[in-house]
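See structure below.
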Amino acid sequence: MLRWILGGREAQGSVEKNPVLFIGEEQPKNWFTELQVLKGHFDIVRFLVQIDDFRFASAGDDGLVLVWNVETGERLLELRGHSQQITAMTAYTHTSGENTHTSLITASSDRTLSLWDPETGNRVQTVSDLQSSVKCLLVLERLCVWVSGGNELCVWNRDFQLQCQSQHHHDTGISAMVELPKNCIAAAMDKDIVIFRLTMSTGSRLSVAEVRRLSDHQDSIHALININGHKGS
């Protein structure tokens, strides 16, 4: 169940394709007014990702990815393919000529990675038989690659081809990642923050190496955010 809190908008008419609960007009309007409850998931929703100005996707413990219309709350697509809970989800936008296309990448406890087309609902690519579950995903738009974090840090191109990976990490694995300047990535591993650098060698081959480790936390790290907004070199 998703509770839509978009204060200041007027509730839309009812939608036939999925059950949407509209809050009564008697509720006082403010910036946190609950306008709609979107139903479709059977278990906890853990991820919400914006696809574009008109759509967003939700995913969680039921293994489903649902695509929603932002304006109406209509459920547009139901993406099925994972057999266990979804552990990470991100949008991946790439440009080819004058065309820009956004896909969805999901990771699951079934040790697979999937690339979805939110226009059709088709699963376009799948990587299976991973050594461990992926806990987080990060898109590096400037390098046209994306990164998965689990017991290893793996770098993939947009065709789902593995470009390089780091060595095996301890059982807790990588729980969060954030992009840093100069082709670097900060990755949370238990109580440590490990800085990795991606290097492009002759022949456009990528490699990844650990360059620094920060050990100031007293307990496990669950989230990382970029606060200065500067990416790339």
Side-chain angles (χ1 to χ4, degrees), residues 47 49 51 57 59 65 79 81-82 86-97 99-118 122-190 192-214 224-226 230-233:
F47 305 101
V49 170
I51 300 172
V65 178
L79 313 183
H82 289 298
I86 292 174
T87 54
M89 180 171 66
T90 189
Y92 183 21
T93 301
H94 63 273
T95 301
S96 178
N99 299 320
T100 298
H101 183 74
T102 299
S103 303
L104 290 172
I105 302 174
T106 56
S108 170
S109 293
D110 60 15
R111 298 190 178 186
T112 64
L113 291 164
S114 294
L115 178 70
W116 306 87
D117 184 348
N122 293 333
R123 184 156 63 167
V124 181
Q125 298 277 3
T126 301
V127 175
S128 57
D129 300 324
L130 297 173
Q131 296 300 311
S132 64
S133 297
V134 169
K135 299 179 180 179
C136 50
L137 297 165
L138 176 67
V139 174
L140 305 178
E141 293 183 4
R142 197 175 67 85
L143 296 177
C144 297
V145 299
W146 55 279
V147 184
S148 62
N151 283 358
E152 298 86 23
L153 184 146
C154 299
V155 182
W156 311 80
N157 64 16
R158 66 184 185 187
D159 296 320
F160 261 48
Q161 297 171 330
L162 181 64
Q163 303 299 289
C164 58
Q165 66 184 76
S166 66
Q167 64 182 1
H168 179 83
H169 303 292
H170 53 75
D171 291 340
T172 57
I174 298 171
S175 59
M177 296 184 293
V178 67
E179 182 180 1
L180 299 178
K182 299 182 179 179
N183 295 342
C184 289
I185 297 170
M189 297 185 198
D190 195 20
D192 295 341
I193 299 174
V194 180
I195 310 299
F196 293 94
R197 175 173 287 128
L198 293 174
T199 303
M200 186 78 72
S201 61
T202 305
S204 299
R205 292 183 61 86
L206 277 173
S207 61
V208 59
E210 179 181 332
V211 295
R212 191 176 181 186
R213 185 175 290 257
L214 310 176
L224 297 170
I225 61 170
N226 191 312
H230 296 294
K231 298 180 180 179
S233 59

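- The nearest pair of heavy atoms linking W116 to T106 is NE1-OG1, 2.8 Å.
- Looking at residues two or more places apart in sequence or on another chain, you find a side chain to side chain contact (heavy atoms under 4.5 Å, CB included) between S207 and T199.
- Residues satisfying the ring-ring contact (aromatic ring centres under 6.0 Å, His included) test with H94, not counting sequence neighbours, are Y92.
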Verdict with supporting geometry, M200 and N183, side-chain contact (heavy atoms from CB on, under 4.5 Å): CA-CA 10 Å; M200 186 78 72; N183 295 342; over 6 Å; no
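- Heavy atoms only, all atoms of each residue included: F196 and S166 are closest at CE2-CB, 3.9 Å.
- Rounding to the nearest 0.5 Å gives a distance of 6.5 Å between OG of S132 and CZ of R111.
- For L140, the side chain to side chain contact (heavy atoms under 4.5 Å, CB included) partners two or more places apart in sequence, or in a different chain, are L138, L143, V145, V147, E179, I185, L198.
- Looking at heavy atoms from C-beta onward, L79 lies in side-chain contact with L104 at the 4.5 angstrom threshold.
- To the nearest 0.5 Å, the span separating CG on L115 from OG on S103 amounts to 4.5 Å.
- A 6.0 Å sphere centred on CD of Q161 holds more than 12 heavy atoms belonging to other residues, nucleotides or ligands.
- Between Q131 and N151, the closest side-chain pair of non-hydrogen atoms is not below 4.5 Å.
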Stepwise side-chain contact (heavy atoms from CB on, under 4.5 Å) check, F160 with V124: CA-CA 10 Å; F160 261 48; V124 181; over 6 Å; no
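- The main-chain N or O of T112 is found under 3.5 Å from a side-chain atom of D110 such that the two form a donor-acceptor pair.
- Of the possible polar contacts, none joining the T90 side chain to the L137 backbone as a donor-acceptor pair under 3.5 Å is found.
- Applying the side-chain hydrogen bond (donor to acceptor under 3.5 Å, both in side chains) rule to S133 yields no partners; only residues at least two apart in sequence or on another chain are considered.
- Taking the ring-ring contact (aromatic ring centres under 6.0 Å, His included) definition, one finds that W156 meets it with W146, sequence neighbours left out.
- Taking OG1 of T102 as the reference point, atom CG of D117 lies at 10.0 Å (rounded to 0.5 Å).
- A188 meets the side chain to side chain contact (heavy atoms under 4.5 Å, CB included) test with S175, A176, I221, L224; sequence neighbours excluded.
- Distance NE2/H82 to CZ/R123: 6.0 Å, rounded to 0.5 Å.
- Checked against side-chain hydrogen bond (donor to acceptor under 3.5 Å, both in side chains), Q125 has no partners two or more places apart in sequence or in another chain.
- For the side-chain hydrogen bond (donor to acceptor under 3.5 Å, both in side chains) test, residues two or more places apart in sequence or in another chain that qualify with T100 are T95.
- The nearest pair of heavy atoms linking S148 to V134 is CB-CG1, 3.8 Å.
- With sequence neighbours excluded, the residues forming a side chain to side chain contact (heavy atoms under 4.5 Å, CB included) with N122 are T120, listed by chain and number.
- Shortest non-hydrogen contact noted between T126 and S114 is OG1-OG, 4.0 Å.
- The shortest heavy-atom contact between S108 and T87 is N-OG1, 3.6 Å.
- Here CZ of R197 is found 10.0 Å from CG of L180. Values are rounded to the nearest 0.5 Å.
- The NZ atom of K135 sits 10.5 Å away from the CE atom of M189 when rounded to the nearest 0.5 Å.
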